[in-house]
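Attaching a single structure in structure tokens format; questions to follow.
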Amino acid sequence: VIQGPNMANQRLLLEGGMLAEVNHLWVRQRTDEVTFRGLIQDNEDLFPMWMSLLMVMRQCEIAALKFLISLLEEEYLDSEEADFKQKSEMVTEHKKYTIQMMVEELDPNIICDKIITHWNLSVEARDPARKILIIKDEDEDTPDTSQMMIRPKREIEADDYVLVRQEDHCLEISFLCWALFEGVKEAKEFNIKGHEKPPLRKPEPGEKRFTAQKWQLAKAKRYDHFMESVTKMHHAKYLHFLFGRIEILRGERLQKIFYLVPTPIRSLKSQSLIKDWQVSCVADVDRTGPEAKLQSFSEAVSDEYIDFVKHQYMLQGSPFPLNSCGEIMKGSRIAINILTIVITMWVALVYQGSYSKEHKMGQYKVHYPKAWYVLSLQCLGAMHFTSCMLLMIFHIIAKTVWKVNVQIEQFKDDNPTEAHSVNGPYGVVLMLKYFFGDSELLVKVLLALVSYAGLTLDFLIFSIHLLYVCSQEPNLAKVFEALNLTSTQVICTAALGFCFQYVFLVVGFLTFPEGYGFADMDTSDCASLKSCLLAHLDYGFRSAPVWGGPELTWPMFVFDYIYNLIVILILAAIVSGIIIDAFSSMRADLQAQTDDQTNNCFICSINRSVMERKMVKFDHHVFQEHYMWSYARFLMRLEMATDADLNGLESYVQAKVKVQDFQSWYPIDKALSLETEDDNKYSEKDLRVKDLEELKTVVKQCTDGADAQMTNVRELKAGMKDTRESLKNMEFALLQLQGDVQKKADQLAAAQAQAVPQAKD
């Protein structure tokens with residue numbers, strides 16, 4: 001079997017009737033499967049041989065389907081190559097020919113029936129309620145592949161070809177048939193009018209030919225029935241956990257990749273911890289530009305997501321409760337929230353007394369008049385502490401261990417010369433450093449310590465957990481985030497306030513003979529610098545100095561004015577301004593992130609309005625064509641698969657990923673569904689790239705030549721204008737000269753006429 005985009009070999013196989021043979025294979029295989037199952041009912045000794053044969057039959061189907069899907073691949077096209085135009089024409093014509101041959105010679109009903117049949121034999125339909133009914137057309141004269149297949153009990157209990165492997169093979173066949181139908185039916189070339197032409201290959205006797213209308217009917221009756229059934233049983237995104245589909249840019253053309261989602265994802269599906277990681281990834285990704293966004297997302301997936309999913313999958317294979325870390329952590333958080341509120345309210349209702357010098361923590365009889373109050377609070381406190389401990393322990397198992405391993409591996413990559421030291425005592429130090437560097441773990445440790453203190457010292461301490469309860473609410477969580485982001489600035493401002501208070505106190509000591517107090521407390525009689533400083537720090541931020549005497553001197557006035565300006569107004573405004581700016585920045589960032597996530601495709605960055613103007617549904621595009629987590633799972637497949645498992649397109653992307661090139665293959669500003677030219681001209685667009693470049697060069701040369709000619713014309717016109725003006729000047733000068741000559745001649749004639757009479761006299 002030829003696998004890969006080799007046009008010459010593919011064409012030989014297509015012309016040789018390989019597609020028709022695959023059709024016959026499907027029919028013969030179904031017939032043989034039914035016949036052999038009936039045969040072994042009377043021949044138990046043949047069962048081991050049958051299971052070996054069944055496994056080979058499944059593998060044969062998988063190989064044949066992989067070959068069919070490989071026909072959809074295209075050769076790499078580089079616009080810089082000299083023969084780009086010729087190669088583009090060949091690739092385009094070959095793709096048209098391939099799609100038309102597949103439409104004519106592959107039975108779409110059998111493909112759709114195999115999707116449903118093998119889905120029902122996979123782990124997804126192990127529960128009979130999850131099986132999907134197959135649509136059967138009674139009036140069609142076609143091989144019966146729509147009959148429901150049921151796995152006999154002896155095959156379920158087989159030892160050689162175990163049930164798990166049988167179900168994996170059936171799920172893979174179902175996926176490959178789904179990918180084949182999607183690849184042919186959704187190809188742009190599928191709508192070419194060439195389907196109405198005579199068959200490309202003369203059919204053999206008994207062979208049937210199919211049409212695009214037949215494929216359309218199969219989609220409406222069978223394929224859509226399968227998709228709707230899966231959505232109805234689960235949800236709209238369920239199939240993304242099983243079957244992957246993405247678009248990549250390879251050379252000058254967009255191509256589709258279909259892949260079976262890796263086993264860890266198929267097994268975990270929407271596990272809560274993985275979902276939490278995805279939410280945080282979307283929030284933290286760099287959105288400064290399309291390239292930066294995809295680079296940041298891909299690095300996060302490669303560095304964290306893949307290993308985290310593997311770690312969760314490893315835990316899922318462990319015994320209870322290790323295989324339920326996410327559910328236990330979620331339940332523990334809910335229990336902590338509920339118990340904190342209940343304990344706090346119960347204490348507030350039954351607590352007797354208030355401030356007392358004799359009060360000591362743990363003396364419950366003083367404040368709780370009835371013993372059962374204490375007993376009930378102790379039971380609730382024990383449950384609260386247990387929930388905190390469970391949250392902490394399972395966080396260590398589910399997250400901290402993974403984080404430590406990731407950071408150790410990162411240290412080895414960053415320091416290859418010191419990688420050997422990780423196996424010694426230094427490795428233990430690094431592990432402890434990374435272990436206690438987990439901020440989420442430290443929060444949970446603090447929760448457990450506070451809970452233990454509330455249980456053993458005083459029930460009032462449980463009220464501290466109200467802060468944790470508030471942090472679980474998304475809006476209030478932003479408040480804690482703002483305080484965390486501005487903590488350094490606030491602490492620095494507080495230190496600056498301490499310095500100002502000390503300076504004002506020293507200036508007061510050096511300037512005034514008597515002390516001053518504040519509005520809340522008269523501290524003018526403080527006896528030492530220490531006591532005066534403590535009074536300043538306690539009351540000085542609330543009001544300006546208050547003087548004891550009725551007279552207000554100019555030094556006192558200046559001191560009060562500067563104190564009010566700096567301490568009361570400016571420092572307080574700085575602290576509030578820092579927090580307000582943090583909230584404003586967070587709100588702007590959140591709004592920008594929400595707008596980008598809501599109105600732009602994460603992968604191609606094309607705006608919603610652009611898609612809607614081109615009659616493409618934005619939601620369908622981002623959840624089906626460019627689903628961001630399909631790309632993440634594809635990167636995981638590339639890491640887990642062997643080279644022999646990858647086709648040409650997958651190997652191309654894998655080579656890019658190995659050198660950390662996460663941008664050249666993403667379809668930035670491109671999508672197959674957004675091509676706006678006529679379907680017949682779709683495949684010729686790439687062919688005109690070189691012609692357009694040559695045309696641009698010629699147009700530029702013509703433009704440059706035209707500009708030069710226009711310059712010459714303008715210069716010639718200017719010269720002619722100067723010449724005309726010179727001629728006019730010469731003409732005017734000649735006229736003047738002629739007038740002067742005529743005038744001189746007239747004067748001379750008059751002089752001569754006057755001279756003649758005088759001579760006679």
Side-chain angles (χ1 to χ4, degrees), residues 25-26 28-66 113-132 134 145 147-179 230 233-234 238-239 241-244 259-269 271 309-320 322-324 633 636-637 640-642 644-645:
L25 170 67
W26 289 336
R28 286 196 301 267
Q29 194 156 338
R30 169 59 71 89
T31 303
D32 292 345
E33 192 170 340
V34 174
T35 302
F36 272 100
R37 283 199 174 99
L39 181 63
I40 61 175
Q41 290 181 357
D42 300 326
N43 299 273
E44 294 292 338
D45 296 339
L46 296 178
F47 180 72
M49 185 182 301
W50 158 242
M51 294 308 296
S52 299
L53 178 60
L54 180 62
M55 181 173 63
V56 174
M57 291 168 65
R58 297 283 188 250
Q59 293 171 341
C60 176
E61 275 195 280
I62 292 172
L65 287 166
K66 284 184 176 180
D113 288 343
K114 289 178 69 64
I115 295 174
I116 301 176
T117 298
H118 289 87
W119 173 276
N120 290 336
L121 294 174
S122 71
V123 66
E124 294 299 322
R126 186 177 291 179
D127 181 0
R130 299 295 185 186
K131 293 187 182 296
I132 300 175
I134 303 178
T145 57
Q147 182 180 359
M148 179 76 72
M149 297 292 293
I150 300 176
R151 182 178 286 111
K153 182 178 180 181
R154 69 183 74 187
E155 294 182 12
I156 297 175
E157 299 172 351
D159 296 327
D160 296 334
Y161 189 25
V162 295
L163 178 62
V164 174
R165 198 174 181 192
Q166 294 180 49
E167 291 176 335
D168 287 345
H169 282 164
C170 288
L171 183 63
E172 186 172 4
I173 293 172
S174 178
F175 153 71
L176 291 171
C177 292
W178 172 84
V230 173
M233 285 189 292
H234 303 283
Y238 185 81
L239 209 59
F241 295 113
L242 307 173
F243 304 161
Y259 66 94
L260 185 63
V261 174
T263 303
I265 296 293
R266 301 203 309 266
S267 179
L268 294 169
K269 293 186 173 68
Q271 200 240 28
V309 172
K310 289 180 180 178
H311 181 69
Q312 300 305 315
Y313 181 64
M314 181 270 294
L315 291 176
Q316 191 185 48
S318 304
F320 183 84
L322 298 180
N323 59 358
S324 303
R633 293 157 190 164
M636 184 174 184
R637 165 174 165 75
M640 297 183 63
T642 61
D645 294 330

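The chain is numbered in sequence order, starting from 1.
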Enter the distance from Lys131:NZ to Ser122:OG here, rounded to the nearest 0.5 Å.
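So the NZ of Lys131 and the OG of Ser122 are separated by 8.0 Å.
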
Look at the rings of Phe241 and Tyr238 and say which category their plane angle falls in: under 30° parallel, 30 to 60° tilted, over 60° perpendicular.
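Phe241 and Tyr238: perpendicular rings.
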
Problem - Where Arg151 and Cys170 come nearest, the two heavy atoms and their spacing - result: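 Reported closest heavy-atom pair: NH2-SG, 3.8 Å.
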
TODO: With side-chain contact (heavy atoms from CB on, under 4.5 Å) as the test, would you mind laying out the steps for Val230 and Trp119 before giving the verdict?
DONE: CA-CA 10 Å; Val230 173; Trp119 173 276; 4.0 Å; yes

Decide yes or no for Lys269 and Leu242: does some side-chain heavy atom of the first lie under 4.5 Å from some side-chain heavy atom of the second?
->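 Lys269 vs Leu242: side chains touch.
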
* Starting from the C-alpha separation in whole Å, work towards a yes-or-no answer on side-chain contact (heavy atoms from CB on, under 4.5 Å) for Phe175 and Ile62. => CA-CA 10 Å; Phe175 153 71; Ile62 292 172; over 6 Å; no

Can you confirm whether more than 12 heavy atoms, excluding those of Met640, are under 6.0 Å from its CE atom?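 Yes, because the 6.0 Å sphere around CE of Met640 holds more than 12 heavy atoms from other groups.
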
Suppose we screen for salt bridge (Lys or Arg N to Asp or Glu O under 4.0 Å). Which residues come up paired with Arg130, at least two apart in sequence or across chains?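 With sequence neighbours excluded, Arg130 shows a salt bridge (Lys or Arg N to Asp or Glu O under 4.0 Å) to no residue whatsoever.
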
Surrounding CG of Asp45 (heavy atoms of other residues, nucleotides or ligands, distance under 6.0 Å), is the total greater than 12?
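No, the 6.0 Å shell around CG holds no more than 12 heavy atoms from other groups.
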
Next item on the list: Could you tell me which residues satisfy salt bridge (Lys or Arg N to Asp or Glu O under 4.0 Å) with Glu61, sequence neighbours excluded, listed by chain and number?
Entry: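 Only Arg58, Lys114 meet the salt bridge (Lys or Arg N to Asp or Glu O under 4.0 Å) criterion with Glu61.
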
Ignoring hydrogens, what is the shortest heavy-atom contact between Tyr313 and Leu268? Give both atom names and the distance.
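Closest approach of Tyr313 to Leu268: N-CD1, 3.8 Å.
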
### Query
Do the side chains of Leu239 and Trp178 get nearer than 4.5 Å, heavy atoms only?
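Yes; the side chains approach each other to less than 4.5 Å.
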
Check: If you round to the nearest 0.5 Å, how far is CD1 of Ile265 from CD of Gln312?
Finding: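 One gets 10.5 Å once the value is rounded to the nearest 0.5 Å.
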
Checklist line | Inter-residue atom distance Thr117.OG1 - Ile132.CD1, 0.5 Å rounding | finding: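 These two atoms lie 10.5 Å from each other.
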
Subject >> Contact summary for Tyr259 and Arg633, nearest pair of heavy atoms >> reply: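 Residues Tyr259 and Arg633, closest heavy atoms: OH-CB, 3.6 Å.
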
Review point. Does any N or O in the side chain of Gln166 come within less than 3.5 Å of the main-chain N or O of Ile156, such that one atom is a donor and the other an acceptor?
Key: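 Looks like no, no N/O pair under 3.5 Å.
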
#### Entry: Leu25 CG to Met57 CE distance, which is reported to the nearest 0.5 Å
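Reported value, rounded in 0.5 Å steps: 8.5 Å.
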
### Query
Once you round to the nearest 0.5 Å, how far does CD1 of Ile173 lie from CG of Leu260?
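Rounded to the nearest 0.5 Å, the CD1-CG separation comes out at 11.5 Å.
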
* Phe36 and side chain to side chain contact (heavy atoms under 4.5 Å, CB included): which partner among Leu46, Leu53, Leu54? ->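 Among the candidates, only Leu53 passes.
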
Electrostatic pair Arg266-Glu172, nearest N-O below 4.0 angstrom:
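No, this pair does not count.
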
### Query
Are Trp50 and Leu39 close enough that some pair of their side-chain heavy atoms sits under 4.5 Å apart?
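They are not in side-chain contact.
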
Exercise for review: Locate the shortest heavy-atom distance separating Val309 from Pro264; write the atom from each residue and the value.
Suggested key: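 Scanning both residues, the minimum pair turns out to be CG1-CB, 3.8 Å.
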
Quiz item: Which heavy-atom pair separates Tyr161 from His169 by the least distance, and what is that distance?
Solution: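 Taking every non-hydrogen atom into account, OH-ND1, 2.6 Å.
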
Query - Heavy-atom side-chain proximity of Cys177 to His118 below 4.5 angstrom - result: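 In short, these two side chains do not touch, never coming nearer than 4.5 Å.
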
Look at the side chain of Thr35 and the backbone N and O of Thr31, then say whether any donor-acceptor pair between them is shorter than 3.5 Å.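 A pair under 3.5 Å: yes.
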
For the side chain to side chain contact (heavy atoms under 4.5 Å, CB included) test, which of Val261, Leu176, Leu171 pairs with Phe243?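 Running side chain to side chain contact (heavy atoms under 4.5 Å, CB included) over Val261, Leu176, Leu171 with Phe243 returns exactly one hit, Leu171.
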
Start with the C-alpha distance between Met149 and Glu33, add both sets of side-chain angles, then the distance that settles side-chain contact (heavy atoms from CB on, under 4.5 Å), and finish with yes or no.
CA-CA 10 Å; Met149 297 292 293; Glu33 192 170 340; 3.4 Å; yes

Point to revise | Glu44 vs Arg154, side-chain contact (heavy atoms from CB on, under 4.5 Å): CA-CA, chis, key distance, verdict | key: CA-CA 10 Å; Glu44 294 292 338; Arg154 69 183 74 187; 3.1 Å; yes

Point-to-point distance, once rounded to the nearest 0.5 Å, from OG of Ser174 to CD of Glu124
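Answer rounded to 0.5 Å: 9.5 Å.
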
